[in-house]
Each structure stands twice: as structure tokens, then as C-alpha cells.
2 protein chains.
Amino acid sequence: MTTARRSDTTRAAILEAARERFAADGYERATIRAIARDAGIDPSMVMRYYGNKEGLFAAASEIDLALPTLGALPSKHIGAVLVNHFLDRWERDDVLTGLLRVGVTNEAGAARMQAIFGAQLGPVTLGVCPRPEEAPARAALVASQILGMALARYVLRLPPAVEMSRDEVVAWLAPTVQRYLTAETP
Amino acid sequence: MTTARRSDTTRAAILEAARERFAADGYERATIRAIARDAGIDPSMVMRYYGNKEGLFAAASEIDLALPTLGALPSKHIGAVLVNHFLDRWERDDVLTGLLRVGVTNEAGAARMQAIFGAQLGPVTLGVCPRPEEAPARAALVASQILGMALARYVLRLPPAVEMSRDEVVAWLAPTVQRYLTAETP
DNA sequence: CCGATCGGTCAACGCTTGTTGGCCTACGCT
DNA sequence: AGCGTAGGCCAACAAGCGTTGACCGATCGG
């Protein structure tokens with residue numbers, strides 16, 4: 001184990017400020033200077049600890065979706081469980097919002113999004129869908145609906161999407177996700 | 001009617017270059033200089049004709065979704081018709097891609113997206129959904145699925161979403177959209 | 001045929017950005 | 001106590017940005 005460095009609190013402050021700025025502004029408008037100001041330190045410290053802006057984003061966008069293993073629970077409910085889990089994840093912190101905002105205009109951000117959803121959502125679908133070779137496509141369909149709702153609700157803030165209650169969102173999306181995962185191919 | 005000006009071809013060249021750049025790079029990285037270079041003219045012309053960068057984006061992102069009136073056709077098929085129409089719209093030019101890329105990081109872009117989907121998709125749903133007061137929410141649900149697929153397929157380019165054939169996309173999404181529009185509230 | 005207007009270029013402005021290197025301070029080990 | 005090193009600040013850099021205003025040639029109506 002690596003011993004705790006004296007600078008760990010500063011590193012953490014930078015990371016927290018970076019996540020907020022990336023989530024609020026996207027890649028280009030989240031300037032290193034603004035992030036440093038939020039963290040209460042000099043911009044050059046960001047460079048020292050994370051190399052450059054790309055490195056900072058890479059560190060700030062690390063995330064574990066912590067998806068539940070769906071195999072264990074009644075297969076009728078996996079849609080609702082998954083939608084609920086993603087809404088939780090989206091509202092707990094702003095890493096996912098940042099990832100989405102950056103992924104849309106930045107090549108590296110898009111690659112990271114691909115990697116995260118491929119590596120974390122892929123295996124989960126593999127466990128519950130009828131034919132294993134369809135798992136990637138089904139995962140992409142689920143991702144499209146989840147990301148689409150996140151886009152409308154948390155990023156574009158389309159008024160009707162914002163005003164829907166969480167239960168309404170779950171009630172509408174759960175059957176969709178359920179079908180994408182378990183239905184026979186149409 | 002306004003008579004044709006001599007500079008119309010230049011104006012059109014600027015607009016075309018702007019649409020491509022906004023679609024490819026988003027708002028910040030689509031620089032006026034790059035757009036002018038693409039259009040083969042001086043950056044100051046862009047300012048002369050469109051005032052400033054915001055004005056250029058406003059002009060470049062004007063779009064008529066040309067949604068079909070769904071009332072006239074068998075209500076079983078409106079999901080498929082709508083999904084097909086949006087895929088067409090998305091692939092014909094890159095205005096929608098630009099709108100999405102800009103809307104995610106730019107306040108004015110988000111507002112424009114809200115306006116377009118509210119004003120153009122809203123009325124269409126009003127015509128086909130059971131209870132009129134639910135129309136905005138249903139429109140937002142449809143938008144979330146359509147935008148989510150566009151995001152995955154045309155912007156983030158998640159490999160499985162790109163590799164799906166157009167018919168597969170329609171086959172999977174049409175029932176979802178159909179349900180969002182016409183099903184009883186769950 | 002001449003002058004006004006239009007389409008266009010050029011050079012510069014003020015500002016912000018990511019990034020660098022030098023310098024100072026204060027902690028922690030021996 | 002003393003020294004090395006880690007943590008931090010400051011000032012500056014080159015480049016790129018949106019935007020401006022002066023200038024020039026062609027076009028065209030009277």
C-alpha cells in the first residue's frame with residue numbers, strides 16, 4: 001500500500017472541483033484556471049499532479065457504475081431495478097453528467113464512455129438475455145434509453161422530462177429496458 | 001419577397017461550413033476562423049453577415065423537422081413511421097447532430113433544442129395520445145428514446161449501436177415509441 | 001460615365017487558454 | 001539542529017480566440 005501523502009487533500013480538492021466543472025461546462029469551457037480557483041490552489045499544481053488537462057479528465061472521470069448482478073433476482077423486475085439504479089447513480093454525484101457532457105464533444109471522452117458502458121453494462125446483459133451473441137446490441141439499446149433520459153432530464157433539461165417524478169420515469173422506462181434485455185428479437 | 005443579393009452564395013457557403021463544423025466539433029471548437037477557411041473567405045465576413053458567433057449558430061441551426069401528421073395513418077404504425085422519419089432526418093444533413101453537440105455544452109443550444117422539440121414534436125403527440133394533458137410528458141419520453149439512440153449511434157458511436165442495421169433499430173425502437181405515445185399511463 | 005454601394009481582404013486589438021520553470025517555504029527524517 | 005525534499009505560488013510564454021475598423025476593387029443604377 002502507498003503511504004498517505006501530505007498533498008492528498010489538495011489532490012482530492014482538485015478532483016472534486018474538476019468533476020463539478022466538467023459536469024457543468026463540458027471539456028473546453030472547464031478551464032484549468034477555473035478548476036484551480038475552485039480548489040483554492042494555483043493552476044500549476046493541477047499540471048504537477050495530473051500532467052495535463054487530458055490526464056485530469058481521465059482521473060476525474062473514473063467511475064464504477066456498481067451495477068447489481070441481475071441474475072439473482074426475479075427476472076420480471078430487472079428493468080425497474082436497472083432504471084432505478086441508474087437514476088441513483090446519476091443523482092448521487094456529477095461524474096456521469098460530466099462524462100456525458102465531455103463525451104459529446106471530445107474524442108477521448110467518447111472513448112471513455114464506450115469503454116465504461118461496454119465493460120460494465122455488457123457483462124450484465126450477457127447474464128440475462130436469450131442469445132449471448134445479441135448481448136452487445138441489447139446493451140446498446142438499454143444504454144440508448146438510459147442515456148437519452150439522462151440527456152433530456154439532467155443535461156438539456158427539457159421541462160416535461162424534469163417535471164416527471166422519479167416514479168413516473170421508472171414506470172415508463174422499466175418496461176422498455178426490460179424488453180430490450182429479455183424479449184425475443186423482434 | 002427580397003431580391004437575390006450578389007453575396008448569397010457566400011452566405012450559403014458560410015452556413016454550410018458552419019453546420020459541418022458545429023456538427024463535428026461542438027460550439028467552442030468550431031472556430032469562426034476554421035469555418036471561414038472552409039468557406040474560402042475571410043473571418044470578418046462571418047461577422048458582417050451574422051453579427052457574431054451566437055448569431056451564426058442561430059442561423060445554422062434553424063431546422064424544420066417536417067414531422068408527418070400522424071392522425072391520417074393507421075395508429076398501429078405511428079411508432080415505426082416516426083422512428084424512420086427521425087433516422088432520415090438525422091442522416092440527411094448534420095443540423096441535428098450539430099444541435100445535439102452544441103445543446104449539451106451551450107445554454108443557447110439547449111434552449112434551441114427545447115424550443116424545436118417542444119414546438120414540433122409536442123403538437124404531433126397531442127393528436128394521438130389518450131389524454132391531452134399528458135402530451136408534453138409523452139413527447140419528452142419519445143424525445144428521450146430518439147435522442148438517446150442518435151447519441152449512441154451518431155455522436156458517441158458506440159460500436160454495437162453503429163453496427164445495427166437501420167431495420168433492426170426501427171424494429172426495436174418502434175414499439176417503444178408507440179407505447180410512449182398511445183399506451184395507457186402505466 | 002461617374003459615383004455610391006456592395007463584396008471582400010488585411011492587419012491588428014485585447015483577452016483567455018494550456019503549459020512551463022524558477023523560486024520560496026515548511027515539514028520530516030536522522 | 002540541519003538538510004533534503006515535497007508542497008505551493010508567481011510570472012511569463014506562445015498560441016489561439018472573437019471581434020473591429022480601415023481599406024480596396026468591382027458592380028451597377030442614374
Side-chain angles (χ1 to χ4, degrees), chain A residues 1-61 98 101-102 105-109 112, chain B residues 1-61 98 101-102 105-109 112:
Chain A
M1 142 191 183
T2 13
T3 53
R5 274 164 305 194
R6 217 180 344 143
S7 61
D8 280 349
T9 74
T10 299
R11 297 177 115 94
I14 294 174
L15 232 48
E16 191 192 330
R19 282 195 257 259
E20 282 174 19
R21 284 284 178 178
F22 282 131
D25 298 336
Y27 192 78
E28 334 283 332
R29 288 183 33 225
T31 69
I32 288 191
R33 288 167 142 96
I35 292 168
R37 198 175 327 123
D38 289 359
I41 46 97
D42 191 87
S44 62
M45 299 302 296
V46 178
M47 308 302 293
R48 207 202 294 276
Y49 292 145
Y50 297 100
N52 55 23
K53 195 177 178 179
E54 264 194 64
L56 174 62
F57 172 72
S61 64
R101 275 225 163 84
V102 173
T105 40
N106 184 276
E107 201 53 51
R112 189 154 198 101
Chain B
M1 144 198 179
T2 14
T3 54
R5 274 164 305 194
R6 219 184 338 146
S7 61
D8 279 350
T9 73
T10 299
R11 296 177 117 93
I14 293 175
L15 232 47
E16 190 192 331
R19 283 195 256 259
E20 283 174 18
R21 285 285 177 175
F22 282 131
D25 297 336
Y27 192 77
E28 334 284 332
R29 287 183 32 224
T31 70
I32 289 191
R33 289 166 141 97
I35 291 168
R37 200 177 323 126
D38 288 359
I41 45 96
D42 191 88
S44 62
M45 299 302 295
V46 178
M47 308 303 293
R48 207 203 295 275
Y49 292 146
Y50 297 99
N52 54 25
K53 194 176 179 180
E54 264 192 64
L56 174 62
F57 173 71
S61 63
R101 275 225 163 85
V102 173
T105 40
N106 185 275
E107 203 52 51
R112 191 158 198 98

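Hydrogens, waters and symmetry mates play no part in the numbers below; they use all other heavy atoms, side chains included. Chain naming here is simple, since letters A, B, ... match the order of the sequence lines and numbering starts at 1 in each.
- Of the candidates C:dG7, C:dT17, D:dT19, the closest approach to any side-chain atom of A:Arg33 belongs to C:dT17.
- Across A:Ile14, A:Asp8, A:Leu15, A:Thr9, a single residue satisfies side-chain contact (heavy atoms from CB on, under 4.5 Å) together with A:Arg11, and that is A:Asp8.
- One distance of note links CZ of A:Arg21 with OG1 of A:Thr31; it measures 7.0 Å at 0.5 Å rounding.
- Residue contacts for A:Ser44: at a heavy-atom cut-off of 4.0 Å it reaches a base atom on one of the strands shown.
- Between the side chain of A:Arg101 and the main chain of A:Ala23, a donor-acceptor pair closer than 3.5 Å is present.
- The salt bridge (Lys or Arg N to Asp or Glu O under 4.0 Å) pairs that include a residue from residues 27-37 of chain A are A:Asp25-A:Arg29, where partners are two or more places apart or lie in different chains.
- The distance from atom CZ of A:Arg6 to atom C1' of C:dC27 is 5 Å, rounded to the nearest whole Å.
- Separating the CD atom of B:Glu54 from the C1' atom of D:dC17 is a distance of 16 Å, rounded to the nearest angstrom.
- Going from atom CZ of A:Arg37 over to atom P of D:dC10 covers 14 Å, rounded to whole Å.
- Which of D:dT19, D:dG8, C:dG18 sits closest to the side chain of A:Lys53 comes down to C:dG18.
- C:dC6 atom P lies 10 Å from atom OH of B:Tyr49, rounded to whole Å.
- Comparing C:dT9, D:dG8, D:dT19 by their closest approach to the side chain of A:Thr10 singles out D:dG8.
- Proximity of B:Ser7 to the phosphate of C:dC6: no side-chain N or O atom is located under 4.0 Å from OP1 or OP2.
- When rounded to the nearest whole Å, the span between CD1 of B:Ile35 and P of D:dG16 equals 17 Å.
- When the P atom of C:dG7 is taken as reference, atom CZ of B:Arg5 falls 7 Å away, rounded to whole Å.
- In this model, the phosphate group of D:dC17 is approached by a side-chain N or O of B:Thr31 to a distance below 4.0 Å at OP1 or OP2.
- No hydrogens or angles were tested; on distance alone, a donor-acceptor pair under 3.5 Å links the side chain of A:Arg48 to the base of D:dG8.
- A:Met47 places its CE atom 16 Å from the C1' atom of D:dG8, with the value rounded to the nearest Å.
- For the atom pair CG (B:Asn106) and OG (B:Ser61), the distance works out to 10.0 Å, reported to the nearest 0.5 Å.
- Atom CE in A:Met45 sits about 7 Å away from atom P in D:dC9, given to the nearest Å.
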